[in-house]
Every structure is written in C-alpha cells, then in structure tokens.
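Working notes, structure below.
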Protein chains: 2
Amino acid sequence: MVGNGAGLRSGQVAEMTGVSPDTIRHYERIGILPHPPRSCGGYRLYSADVIERVHLVRRALQLGFTLAELSEILRVRDKGGIPCRRVLHLAEEKLRSLEHQIAELRQTQTYMKSLVRQWRSKLALTDPSSKALLLHSLIDDGSSLPNTKKKLRRRK
Amino acid sequence: MVGNGAGLRSGQVAEMTGVSPDTIRHYERIGILPHPPRSCGGYRLYSADVIERVHLVRRALQLGFTLAELSEILRVRDKGGIPCRRVLHLAEEKLRSLEHQIAELRQTQTYMKSLVRQWRSKLALTDPSSKALLLHSLIDDGSSLPNTKKKLRRRK
DNA sequence: CTTGACTCTGGAATCGATTCCAGGGTGCAT
DNA sequence: ATGCACCCTGGAATCGATTCCAGAGTCAAG
C-alpha cells in the first residue's frame, strides 16, 4: 500500500465518495476538481478536502445543477470570487423548473391512471382474439397531456 | 402543387402532425411508419392514416413509451398480432415509475425550497464580501435527497 | 521476479429522440 | 430556362453525465 500520509489516490477518493475513478478523472478534466500533485510514479495524490468537494458536486447535481455550471462556479470560488448570488439565482431557477416539471408529471400521472384503469376493464371483457383496442384510444383526446417534456431532468 | 389525391408528401404529414419532416423519415427508418409508395419522382406518398399513427406515437412518447417499444408493438399489430396485453403491461410499468419519479421530485422540491429560503436570508444578512456560504451547506446532511435519479424521463 | 491490483492516458461509446448536413433531384411558376 | 420550394439519401451531430477502451506503467506482496 502506498503511504496515505502523502495523499489519496483516485481510487480511494472514488470509493470514499461513491463514484467511479473514471468520474473523478472526468471531474478533473472539466475543471471541477483541481489538478492534484502526483506521486513519483505519476499517481494523483488528492488532499482530503476533495472528498467534500465531490460530495458537494453530487448533491448539486441531484438538485439539478449541471457540471458546466458547477465548473464555472467552483472556478470563480477557487480564484477567490464570491459566486453566492449566482448560486442562489441558479437554485431559484432550478426550483421553478422543478415545480413546473412536477406539475406536468402529475398531469401525465392522472391521465395515465385513468388510461390504465380503462384499459384493464376493456381488456377484461374482450375476448382474447380481438385486436387493437388499446393504443388506438390515444389518437384522439388531444388535451390532458403536457407537451413540453424536454429532458430537463438530472443525475445519473 | 402535386395532386394530393395521390397521397401526402412527407412535409405535409409533418405539418399536419406538428413534427419535422426529419422525424417522419426517422420514424420510417426505425419501423414505426410503413414504407409508403413513392411518386414517379421518388417522393413518399403517404395515405391519410399515417396522421393517426404519428399522433398515436407522439402521445405514447409523452406517456413514457420509447420509440423502440412502439416500433415493436406496431410491428406486431401490423402483422395482425394483438399487442394489447403487452401495451397494458408497459403502461402499468410506466405508471409505476412515473409515481416513483414524482415522489422523488417532490422530495427534492421540499429540500430545495428550504435551501433557497435559507440561502436567501443568509445572503441578505451577509456583507457582500463574505464568501462561500451557500454551496458549502450542501456537503453535510446526506439524507433528504433521493439518489437514484436515473434519466427515466421522456419526450423532447 | 512474477503476480495481481491498481493507475495512467485521451479518445470514443453509451443512452434516446431529434436534428443537421451536403450533394443532389423534382416539380411548379414565372 | 430560371428560380424557388420542396424532397431525396444516409451518416453524423446534438444534449450531459458517465462509462469503456487498449496499451502501458506502478507498486507491494509472495
């Protein structure tokens, strides 16, 4: 084992934060983690505080921040800047789109529920050789479903 | 204008269904729309019932079906099969994951709300040269957020 | 000194639906 | 015969976060 007085290797950081070593390297590539010093053999030697940073990033990702945003924010912070207002602004934005998205999903849920109920009973009293009853009921009835379902979701 | 007694060109279908001509061609490529007959000049000439099919597909996509699933289902149906039970099964699955996803989002929403409130007041009574107060509050407090945020979303 | 676990590199692949592209025809109007 | 709007092809790009890859190097234990 390499002496860990010198620092944490990428795999150790990965394990301690619950992500893959690939992800750690990726975060470094896009400027979210600093370039750590290297051992004589070329291994990254992280100081313990990257753990906090990775946790922070994971949590922010869950909230809907993107890696690009985090990279920008953390860069500012690392240069001594104060990105707090930016962070708050982004958070407010995420919250709004979150609420919007929930509303859409619930609308879809409502529709879907009635659809499944309707399909179940229809299927129950149809003899098993009849056709094409289910999907077909989707073609009319153009309301009751949101249409702006962009991929505004987050996290792997 | 080409006589439309012969059929609808891709652009017309596109306009009537609110998608792009590219999408129409794409649907044909992956087997969701049948290969239509062609005009002497090589233009696709669709019969009017593709309109219904495209609408059906759009609606199913909104519900969380994938193009691959729809392709499979529609292929079965076009060969005279009866994919209804499959459709119902998938719909039930979509509904479940929808409910799960809503639950997660609401959890995130709750957390996010309190975070924004907390950040707002914290920022209000901090002099504008203090640093790093906001994001930092993410690193502890590991509960209260879902962690299985796969991209189980739908639709463009 | 060999084995095996770990790490390095950076470019490509993945997921899914859609869009974009270039180079080339079609068809109707002036 | 010239313009213009439309259509054809199929392969590649897009979005974002992560993963995968091959070929190579490091290091401690046996």
Side-chain angles (χ1 to χ4, degrees), chain A residues 1-4 6-15 17-33 35-46 54 57-72 147-156, chain B residues 1-4 6-15 17-33 35-46 54 57-72 147-156:
Chain A
M1 185 68 111
V2 77
N4 53 3
L8 300 163
R9 279 166 306 150
S10 56
Q12 295 179 298
V13 173
E15 194 181 7
T17 53
V19 306
S20 74
D22 268 322
T23 297
I24 297 295
R25 289 193 310 102
H26 182 54
Y27 286 179
E28 180 184 337
R29 275 203 269 209
I30 63 178
I32 276 190
L33 294 180
H35 301 292
R38 301 297 186 104
S39 75
C40 52
Y43 289 6
R44 289 170 178 77
L45 293 179
Y46 288 103
V54 174
V57 168
R58 301 306 285 180
R59 202 149 293 278
L61 282 178
Q62 287 167 5
L63 293 177
F65 287 83
T66 67
L67 287 180
E69 288 164 348
L70 291 170
S71 173
E72 177 219 324
N147 49 358
T148 52
K149 304 262 184 68
K150 302 245 165 71
K151 35 180 167 180
L152 41 93
R153 276 314 313 297
R154 57 200 185 296
R155 256 285 261 167
K156 162 255 157 92
Chain B
M1 186 68 112
V2 76
N4 54 3
L8 299 162
R9 280 167 303 149
S10 56
Q12 295 178 298
V13 173
E15 195 182 5
T17 53
V19 306
S20 74
D22 267 322
T23 298
I24 297 296
R25 288 194 310 103
H26 182 54
Y27 286 178
E28 179 183 337
R29 273 203 270 208
I30 63 178
I32 276 189
L33 294 181
H35 301 291
R38 301 298 185 106
S39 75
C40 50
Y43 290 6
R44 288 170 178 79
L45 293 179
Y46 288 102
V54 174
V57 168
R58 301 306 285 179
R59 201 149 295 277
L61 282 178
Q62 287 167 7
L63 291 178
F65 286 83
T66 66
L67 287 181
E69 288 165 348
L70 291 169
S71 172
E72 178 220 323
N147 49 357
T148 52
K149 304 260 185 67
K150 302 244 165 70
K151 35 181 167 178
L152 42 93
R153 276 314 311 297
R154 57 198 185 296
R155 257 284 264 164
K156 159 252 161 86

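Reminder, nothing fancy here: chain letters follow the sequence lines and each chain counts from 1. Computed from a prediction, not measured in an experiment: that's the story for all the values here.
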B/Thr17: partners by side-chain hydrogen bond (donor to acceptor under 3.5 Å, both in side chains), with sequence neighbours left out: none
Side-chain N,O (A/Thr23) to OP1/OP2 (D/dT19) below 4.0 Å: yes
Contacts of B/Glu72 that satisfy side-chain hydrogen bond (donor to acceptor under 3.5 Å, both in side chains) - sequence neighbours left out: B/Arg86
Distance test, side-chain N/O of A/Ser10 to OP1/OP2 of C/dC6, below 4.0 Å: no
Any A/Ser39 side-chain nitrogen or oxygen under 4.0 Å from OP1 or OP2 of D/dT26: no
Distance below 4.0 Å between B/Arg44 side-chain N/O and C/dT26 OP1 or OP2: no
Least distance between heavy atoms, B/Pro21 atom then B/Gly11 atom: CG-CA, 4.3 Å
A/Arg38 side chain, from C-beta outward: closest of C/dT18, D/dT18, C/dT9: C/dT9
Salt bridge (charged side-chain N to carboxylate O under 4.0 Å, His left out) partners of B/Arg25, counting only residues at least two apart: B/Asp22
Output one line per pair: protein atom, nucleotide atom from nucleotides 3-6 of chain D, and distance, for all N/O pairs under 3.5 Å.
unit_1, atom_1, unit_2, atom_2, d
D/dC6, O2, B/Tyr43, OH, 3.4

B/Glu28 CD to D/dC7 C1', straight-line distance once rounded to whole Å: 13 Å
The helix from C/dC1-D/dG30 to C/dT30-D/dA1: angle between end helix axes, five pairs per end, rounded to 10 degrees: 30°
I'd like a list of close polar pairs between nucleotides 20-23 of chain C and the protein, N/O only, cut-off under 3.5 Å.
unit_1, atom_1, unit_2, atom_2, d
C/dC20, N4, B/Asp22, OD1, 3.3

Test side-chain contact (heavy atoms from CB on, under 4.5 Å) applied to A/Pro36 - qualifying residues, sequence neighbours left out: A/Glu28, A/Arg44, A/Tyr46
Interatomic distance, A/Leu63 CG vs D/dA17 P [rounded to whole Å]: 14 Å
Gap between atoms CG and P, on A/Leu45 and D/dT26 respectively (whole Å): 14 Å
A/Thr23: partners by side-chain contact (heavy atoms from CB on, under 4.5 Å), with sequence neighbours left out: A/Val19, A/Ser20, A/Tyr27, A/Arg58
Of B/Thr66 and B/Gly41, the one whose closest DNA chain C nucleotide lies more 5': B/Thr66
Separation of atom CD1 in A/Ile30 from atom C1' in C/dG10, rounded to whole Å: 15 Å
N/O donor-acceptor pair under 3.5 Å between A/Gln12 side chain and A/Arg9 backbone: yes
Atom pair distance, as rounded to whole Å: CD in B/Gln62 and P in C/dT18: 10 Å
Spacing of B/Tyr46 atom OH relative to D/dC8 atom C1', expressed in whole Å: 12 Å
Residue pair A/Leu45 / A/Arg38: nearest heavy atoms and the distance that separates them: CD1-C, 4.1 Å
Interatomic distance, B/Glu69 atom CD to B/Ile32 atom CD1 [nearest 0.5 angstrom]: 10.0 Å
Integer-rounded Å distance: C/dG16 P and B/Glu72 CD: 14 Å
Side chain to side chain contact (heavy atoms under 4.5 Å, CB included) assessment of A/Leu70 paired with A/Leu61: CA-CA 9 Å; A/Leu70 291 170; A/Leu61 282 178; 4.3 Å; yes
Phosphate OP1/OP2 of D/dT19 contacted by A/Ser20 side-chain N/O (<4.0 Å): yes
Which atom of A/Ile24 lies closest to which atom of A/Leu33, heavy atoms considered: O-CD1, 3.8 Å
Whole-Å gap separating P (D/dG16) and OH (A/Tyr27): 15 Å
